[in-house]
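Below: the structure, in C-alpha cells.
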Amino acid sequence: MSKFWIEYKDEYCQSPLSSDVHRPLDCDHWSGATKFDPPLPNATVGIGFKVFKIEVKGFILSFSSIEEIDHCIETFSKRNLPTTYQMSQKSWAKGWQHTHWLTKFPGALKSYKNRAVIIKLLNKLKAHNNHSQGDAKSARLL
C-alpha cells in the first residue's frame with residue numbers, strides 16, 4: 001500500500017536528504033552551520049515543523065522540505081539512476097559518497113518502476129501541501 005501524509009514536530013527534523021540539499025554557508029560541516037542555501041524551512045506558527053512522509057512497499061520515507069522533495073523527484077526521474085559517486089561529486093561535500101542519501105536508500109525501491117510510484121506520491125504530497133497551505137486545521141487532520 002502506498003500513502004502520503006504530513007506530520008508536525010516541535011523541532012526541525014533532519015531527513016537523509018537535508019545535508020545534500022541544504023548546503024551550509026557559514027561552516028564546513030552541516031551539523032555546525034546556522035545558515036543554509038536554500039534556507040531550512042521555518043516552523044508553522046502554533047503547529048511546528050513539517051515532516052513530509054510517504055510509504056511505499058512498507059518503507060517510510062521522510063523529507064523535511066519541499067526542496068528535498070524536488071531534489072528526489074529530479075534524481076528519480078532519470079531512467080538510469082546516477083551512482084552515489086556521481087551524486088557526491090555534485091555535492092558540496094565531495095568525496096563523501098558513503099554518506100550520500102542514495103547510499104542509504106532501500107535497494108528494493110531503486111527500480112525505475114518503484115521510483116515512478118515514489119515520484120507520483122511526492123507530486124501528490126506537494127499538491128496537497130500547496131492546497132492546505134495556511135490551513136492549519138486540515139493539516140492536523142492528515
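Count residues from 1 along the sequence.
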Check: Does any N or O in the side chain of K110 come within less than 3.5 Å of the main-chain N or O of L102, such that one atom is a donor and the other an acceptor?
Finding: yes
Nearest heavy-atom pair of [X] and [Y]: which atoms, and what distance?
X	Y	value
N114	A108	ND2-O, 2.8 Å
I6	H128	CD1-CD2, 4.0 Å
Q14	S19	NE2-CB, 4.0 Å
Y12	S64	OH-OG, 3.0 Å
P38	H22	O-ND1, 2.9 Å

D10 CG: over 12 foreign heavy atoms closer than 6.0 Å |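 Result for CG/D10: open.
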Heavy-atom count around K78 NZ within 6.0 Å, excluding the residue itself: above 12?
->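 Enclosed.
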Step-by-step side chain to side chain contact (heavy atoms under 4.5 Å, CB included) determination, I66 to K50: CA-CA 10 Å; I66 294 297; K50 289 182 181 180; over 6 Å; no
Test side chain to side chain contact (heavy atoms under 4.5 Å, CB included) on I118 and F59; report intermediate values, then the result.
CA-CA 11 Å; I118 292 169; F59 293 96; over 6 Å; no
Problem set entry | Same cluster (ILVMFWY, side-chain, under 4.5 Å), Y8 and L61 |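 Both belong to a single hydrophobic cluster.
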Contact between [X] and [Y] at the side-chain level, heavy atoms closer than 4.5 Å - yes or no?
X	Y	answer
V21	F63	no
S65	L40	no
P24	K35	no
V117	K57	no

Nearest-0.5 Å distance that lies between atom [atom1] in [X] and atom [atom2] in [Y]:
X	Y	atom1	atom2	value
L122	I69	CG	CD1	6.0 Å
L121	E55	CG	CD	10.0 Å
L109	I54	CG	CD1	8.5 Å
K124	S2	NZ	OG	9.0 Å
K120	F4	NZ	CZ	11.0 Å
T44	F49	OG1	CZ	9.0 Å

Side chains of S18 and E68 only: does a donor on one sit below 3.5 Å from an acceptor on the other?
yes
- prompt: Using 30° and 60° as the class limits, which term best fits the ring planes of F76 and W101: parallel, tilted or perpendicular?
  reply: tilted
